[in-house]
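Reviewing the structure listed below.
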Number of protein chains: 2
Amino acid sequence: MLASNVKPFETPMPGPVIFKRLWETGLLKNNEVAALAGLSWTRQNVPADGSIDSRRDLCLLSSGMVFRQRTMEDGVRRLMSMVVPGDICCYAIVTGHMTLSTLCAVTPCTVMRAPMEEVITLCEHYPNILAALLANLSIDTAVTEELLLSIGHRTALERMAHFLCELEFRLRRVRLADHAQFLLNMTQADMGAYLALSAVHVNRTLQELRRRGLVRTVGARINLLDQAELQRIAGFSPAYLTDAR
Amino acid sequence: MLASNVKPFETPMPGPVIFKRLWETGLLKNNEVAALAGLSWTRQNVPADGSIDSRRDLCLLSSGMVFRQRTMEDGVRRLMSMVVPGDICCYAIVTGHMTLSTLCAVTPCTVMRAPMEEVITLCEHYPNILAALLANLSIDTAVTEELLLSIGHRTALERMAHFLCELEFRLRRVRLADHAQFLLNMTQADMGAYLALSAVHVNRTLQELRRRGLVRTVGARINLLDQAELQRIAGFSPAYLTDAR
DNA sequence: CGTTAGCTTGAAATCTGTCAATGATTGTGG
DNA sequence: CCACAATCATTGACAGATTTCAAGCTAACG
């Protein structure tokens with residue numbers, strides 16, 4: 001089935017859209033979303049290229065685009081995974097671990113923070129909230145595995161098509177994509193660091209997609225003109241992005 | 001610091017070696033390991049190429065080598081992550097999720113199983129056990145990210161060197177590697193499916209390592225002759241494999 | 001002893017990276 | 001408002017790594 005036909009976003013949700021992904025696990029009741037909303041949230045604005053410290057808080061991305069990145073010995077930076085609005089920036093709160101990667105904003109963004117102790121107390125009262133966090137973690141793991149597939153076994157064109165299909169799906173889920181249009185606010189070099197392609201080749205790959213009439217770009221705005229064909233090229237199927245229990 | 005100098009396995013451990021990785025999180029007390037050992041474990045023997053069903057049990061690999069694999073649309077199979085003895089085969093028990101990948105034995109192996117309900121009850125009594133499971137999950141995520149780095153940003157030679165360094169470390173941790181020697185019981189095609197290399201190139205890469213005097217193979221037995229140089233080539237540092245809290 | 005899976009080798013094709021130069025766009029300070 | 005700098009996008013030529021194809025070889029195993 002094509003992603004454009006998939007509508008996993010039907011159930012009306014209580015509370016702010018920032019909890020949408022947690023809500024979509026199907027594990028939370030209304031009062032649990034309310035309990036989440038009742039935490040001492042603070043808002044933080046992060047400039048482009050800024051980093052996000054998630055050691056003391058549970059951080060949800062509210063707007064903008066963030067990557068988990070790792071800098072290799074030789075100084076080359078590698079974008080490991082992508083965080084879009086509604087996503088949890090860091091799961092250290094459930095795993096008890098700091099990760100080796102750091103959070104880096106590629107656009108100006110805003111982060112909602114809740115103190116870690118509060119969240120832990122909340123999880124003790126509401127085990128479903130912990131379960132929902134873990135369900136999100138599981139999805140994010142699947143996303144990383146899909147990227148592994150992409151980088152290991154898809155050509156540049158397939159990889160780029162897959163990236164665009166996934167991004168459209170994830171942004172649409174939080175109402176940031178409409179009619180297969182969304183803002184692609186990152187440089188081609190950033191895309192390359194994420195997809196393991198050189199910036200030059202990212203450029204050529206996007207041109208090829210344009211040449212085939214599959215995408216159109218106007219500034220940072222991108223339009224997927226033929227999602228079915230993009231998904232076919234990419235071998236994209238959105239199952240890994242949803243809570244398929 | 002070189003991996004050969006790292007000795008994270010010092011604390012004497014109570015109970016079977018199969019719980020070693022959980023014990024090494026530092027989160028468990030002796031009585032908690034005893035409680036784990038007290039579950040209704042059953043042993044399952046799996047032939048080479050057999051698959052492992054982890055839907056109803058917590059599965060720990062006891063011997064042999066297993067991969068989490070995914071079969072792409074075109075039928076090509078892709079090995080996503082490696083499971084060695086002592087590892088948890090599947091984290092569905094904590095995430096509540098089935099994964100898209102399946103567990104496939106590449107050698108004959110034995111699996112220890114504990115019924116999921118028992119484990120869940122145990123985690124409710126002993127939150128530290130849940131924490132230890134989550135800590136292992138976190139490490140396994142880091143391992144997948146390291147593979148992502150390897151496949152995206154390391155050459156075939158670096159990738160293979162990294163693979164061998166990691167494998168040596170993980171097998172030594174459970175006393176299955178000694179003096180940089182261990183059994184590499186998988187075909188070159190399997191290595192290729194894991195490292196995103198063609199079987200032919202796996203072969204040439206291993207030859208190059210042999211030519212440089214870095215490894216020696218006798219049948220399935222492999223000997224890392226110059227770990228320091230292998231680690232240098234690979235950019236290997238075992239931090240991601242340990243519970244660096 | 002034949003069969004089969006796995007290993008090895010060579011040659012050619014292909015994809016992607018690197019280098020280097022040129023445009024385009026954006027933001028900034030005068 | 002303009003000149004300027006800086007970042008980003010684009011283009012071409014070339015090099016290199018890796019894949020694919022095809023063929024032998026080896027070793028294990030019934």
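Just so we're on the same page: letters track the sequence lines, and every chain starts at 1. Since this is a predicted model, take the numbers as computed values, not measurements.
- Between A:Met112 and A:Gln44, every side-chain heavy-atom pair lies at or beyond the 4.5 Å cut-off.
- Within the 4.5 Å cutoff, the side chain of B:Thr205 has no heavy atoms near those of the B:Thr155 side chain.
- On the nucleic acid side, DNA chain C has its first and last nucleotide under 4.0 Å of a heavy atom of chain B at C:dG6 to C:dA11, going 5' to 3'.
- Residues B:Val111 and B:Arg43 fail the side-chain proximity criterion, which asks for heavy atoms closer than 4.5 Å.
- B:Leu206 has its side chain within reach of B:Gln188: a pair of non-hydrogen atoms, C-beta onward, lies under 4.5 Å apart.
- In terms of the salt bridge (charged side-chain N to carboxylate O under 4.0 Å, His left out) criterion, residue partners of A:Asp53 (sequence neighbours excluded) are, by chain and number, A:Arg55.
- The closest side-chain heavy-atom distance from B:Leu171 to B:Val84 is below 4.5 Å.
- Near DNA chain D, meaning a heavy atom under 4.0 Å from it, residues 209-225 of chain A has A:Arg210 in order of number.
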(request) Evaluate side chain to side chain donor-acceptor pair (under 3.5 Å) for A:Ser63 paired with A:Thr110, printing each intermediate quantity in order. (result) CA-CA 5 Å; A:Ser63 74; A:Thr110 62; 3.0 Å; yes
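- You can see that DNA chain D meets the heavy atoms of chain B within a 4.0 Å-exclusive cut from D:dT18 to D:dC21, reading 5' to 3'.
- Applying the salt bridge (charged side-chain N to carboxylate O under 4.0 Å, His left out) test to pairs two or more places apart or on separate chains, those with a residue in residues 223-240 of chain B are B:Glu229-B:Arg232.
- By the 4.5 Å heavy-atom criterion applied to side chains, B:Met65 and B:Thr107 are counted as neighbours.
- Partners of A:Arg21 by salt bridge (charged side-chain N to carboxylate O under 4.0 Å, His left out), not counting sequence neighbours, listed by chain and number: A:Asp87, A:Asp140.
- Only A:Thr155, A:Ala156, listed by number, bring a heavy atom of residues 148-159 of chain A to less than 4.0 angstrom from any atom of DNA chain C.
- Contact check for B:Met82 versus B:Leu167: side-chain heavy atoms found under the 4.5 Å cut-off.
- Aromatic ring pairs are classed by plane angle as parallel below 30°, tilted from 30° to 60° and perpendicular above 60°; the pair B:His162 and B:Tyr240 is parallel.
- Using a 4.0 Å cutoff on non-hydrogen atoms, the parts of residues 195-205 of chain A near DNA chain D are A:Val200, A:Asn203, A:Arg204, ordered by number.
- Defining each end axis of the helix from C:dC1-D:dG30 to C:dG30-D:dC1 as the rotation carrying four pairs' C1' atoms onto the next four, with five pairs an end, the two axes are found to diverge by 40° to 10 degrees.
- A salt bridge is absent between A:Arg204 and A:Glu208: the closest approach of a Lys/Arg side-chain nitrogen to an acidic carboxylate oxygen does not fall below 4.0 angstrom.
- Pairs engaging residues 100-113 of chain A under the salt bridge (charged side-chain N to carboxylate O under 4.0 Å, His left out) rule: A:Asp57-A:Arg113 [sequence neighbours left out].
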Distance-only criterion, 3.5 Å: show the donor-acceptor pairs between side-chain atoms of residues 189-202 of chain B and protein atoms not counting sequence neighbours.
from: B:Asp190; atom 1: OD1; to: B:Arg77; atom 2: NH2; distance (Å): 2.3
from: B:Asp190; atom 1: OD2; to: B:Thr187; atom 2: OG1; distance (Å): 3.4
from: B:Ser198; atom 1: OG; to: B:His201; atom 2: N; distance (Å): 3.2

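- For residues 47-66 of chain A, the set of pairs meeting the ring pair (Phe, Tyr, Trp, His ring centres under 6.0 Å) definition, not counting sequence neighbours, is empty.
- Contact check for A:Glu146 versus B:Arg70: side-chain heavy atoms found under the 4.5 Å cut-off.
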